[in-house]
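Here the structure comes first, spelled out in structure tokens, and everything after it is commentary.
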Amino acid sequence: MILLMICLVTGTFMPYGKNHQPASNPYHAKADSVLALMTLEEKIGQLNLSAAGDFTTGQASSSNIAEKIKAGQVGGLFNIKSVEKVRDVQRVAVEESRLGIPLIFGMDVIHGYETIFPIPLGLSSSWDMNLIKKSAQLAAKEATADGINWTFSPMTDVSRDPRWGRVSEGSGEDPYLGAQIAKAMIEGYQGTDLSLSNTMLACVKHFALYGAPEAGRDYHTVDMSRQRMYNEYFLPYKAAIDAGVGTVMTSFNEVEGIPASANKWLMSDVLRGQWGFDGFVVTDYTAINEMVDHGIGNLQTVSALALKAGVDMDMVGEGFLSTLQQSLKEGLISEQEIDAACRRILIAKFQLGLFDDPYRYCDVNRAKTEIFTAENRKIARQIASQSLVLLKNEGQVLPLQKKGTLALIGPMADNAENMTGTWSVAGRFPESVSLMQGIKNAVGDQVQIIHARGANVVADSLLESRVSIFGKPTYRDNRPEEELISEALEVADNADVIVAAMGESAEMTGEASSRSNIELPENQRRLLQALAKTGKPVIIVLFTGRPLALGWESENIPSILNVWFAGSEAGDAIADVLFGDVNPSGKLTMTFPQNTGQIPIYYNHKNTGRPLPEGEWFQKFRSNYLDVSNDPLYPFGYGLSYTQFAYGEIKLSSENPVGQQTVTASISLTNSGKYDGHEVVQLYVRDVVGTMTRPVKELKGFQKVFLKAGETKEVSFELSQEDLKYYNHSLDFVFEPGEFEIMIGTNSDEVSSKKIAWTN
Ligand code: BGC
């Protein structure tokens, strides 16, 4: 408390220590005036981030953690839910610790707080930066109303291996799109003024390369060239830094043989040196301790390595708390290094306005009126409907008419709790709108709805128990499979159309949820096979947190609507699309493979010296498989609409640009179908000849445009040399003059192209 008064009144400027960052931040001086008052123990205490566990309000201020807070051993707390508890704990920090330094309160607010938006992979499929930003803004508004001022989001790990369960938390396989989304999310969370009570500190994660674990197994080793890092995997992290993200989280994996949390090259040279990051770095959960198992030293050694590498805050593991004093005595680290870390954390607290008012985010009235509101849910429904991707619609089975009898069958048909998907810690699972409820809301008594479960999520009950541990039950039915199927067939017999709610349950993706086979579980496929035999139109409403290998389904089922996990309003949003109140416009941001063996498969790959000739899928001594073509099942950027879009020829403002000239590439786009709708027009470029090999295509622009039925619009993109630069073999960011192929189209596969020759 004393402290708060001192720094508010004086704003004292203390002389800078040796290890100081440039004093560009207006809060440096204030933070230094606090540092000057702190003991070594208190400084190290600020570097400690504790997990709160689940206490009741009274317990919050009397827990073990409260004791540590009083002793000045905690800088921040996460996973504490409810404004009353946050206020209680903050009071302990401010009134009962010696200096009264306020705590920062974090949480994994990943795709919404209580109002949950689609999982990030779904959000990315909207290709709508305004809506994505809006979702982050609303998440910040709700979370801050409940006492939280720091979110561990966005996850910007480029991910190209759908076996990895965490692809659901990211924006897919493309660096350019990932970078745009990172920016939109950070602008949404942080706004233009972090000290406002409805904006929060964001945390870009997991730095770095967490999305590239070997074999798609979570936490596994990563090994990658620097060229690939700089040209592909680094782009979204860097975009987050450029957008002013306040914090960065380390990744669990190693990078070039050194775990990220001890990797000085990553945390200091790249992040702070090359990119100018001046916020603070937090580890992932116990990531410092885990470096003991990685095999680079005991807890004292790895903690010292982490601090020296540039880590500021230690999440949960208390390696800093328990060893840094000893390391200082032994000369392994310096007090300046501790000061530098502590200063960065104090600055963040100043930025959030916590030194002005530690209870800035503790307004109980806001908590009552601003969370899970009808208005927020309405926006969540709109965003959710934009994230759905229509994968197949043979014979225009969709949209459905609001008449007749509809059989709703499948393990996800009536499961509200699973709608929010992974990482929705503050969500109100049972209050989410299930598909059944959404359809009922949409059709009232115009359609008769009949229902059977038909199948469990997976046949194996042990596997099922591994994917329903976080409050998202799967409601297993223990009757024999044949009985479930025959009940479903009886129901289907009375219907005009079958909606099969299939796929994964929420916890089949997310952290530590890798799968070695990404097909639809076999028991669900058997149900589908039986349903297909009825000859009635079948629509798969596909719940999934990752691309699935849908070879059989895409051959045999006329219509597939991929709905991801669309959030609290999922059921209503899906019904909006099923019945044509919303025309689907989502496009995939990760390739769907034909089978698991094709993984990793992504559109922006290199060419090899033995590419397949156009139109062929096998030739001996070419780069291909014997048993499957190289083609994806559904390519990056793919997604259908109820209407059709006709693309005109590409027009270029110049085919021989020179120097700093910009080139305009445009096409005319016509909505040639019967429905109004959105189309995501995509621009790809291939650098035909480089001093290094270049990808066969790279996304360089996109526009989501709305066209009324019959309407034509001109869609244009501007390209400059800047857009065509890349990191060459020496990691210089260069433009290399020469030939470029400009491609525009409806997805990464269906494009038309023209060449330009650019001279310097
Ligand atoms: C995850 C992070 C998350 C953290 C805190 C870790 O296990 O990898 O993404 O932010 O836990 O919950």
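Numbering of ligands and ligand atoms starts at 1, following listing order. Bear in mind that the values here come from a model prediction, so they are computed numbers and not experimental data.
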Taking non-hydrogen atoms within less than 4.0 Å of ligand 1, which protein residues qualify? F78, D108, F152, R166, K205, H206, M249, F252, D284, Y285, M315, W423, E511
Are N149 and L201 packed together at the side-chain level, in the sense that at least one heavy-atom pair is separated by less than 4.5 angstrom? no
Would you tabulate the side-chain donor-acceptor contacts of residues 422-431 under 3.5 Å, counting partners in other chains and residues two or more places apart, or write 'none'?
from : atom 1 : to   : atom 2 : distance (Å)
W423 : NE1    : E169 : OE1    : 3.0
W423 : NE1    : E169 : OE2    : 2.8
S424 : OG     : T420 : OG1    : 3.0
S424 : OG     : G421 : O      : 2.9
S424 : OG     : K472 : NZ     : 3.3
R428 : NE     : E114 : OE1    : 2.7
R428 : NH1    : E431 : OE1    : 3.2
R428 : NH2    : E114 : OE1    : 2.9

Which residues share a ring-ring contact (aromatic ring centres under 6.0 Å, His included) with W150, sequence neighbours left out: F152, F280
Aromatic ring proximity, centroids under 6.0 angstrom, W127 and F636: yes
Who passes ring-ring contact (aromatic ring centres under 6.0 Å, His included) against Y237, sequence neighbours left out? F207
Candidate pair R160 and E232, rule salt bridge (charged side-chain N to carboxylate O under 4.0 Å, His left out), full reasoning: CA-CA 11 Å; R160 294 171 172 178; E232 302 170 33; 2.7 Å; yes
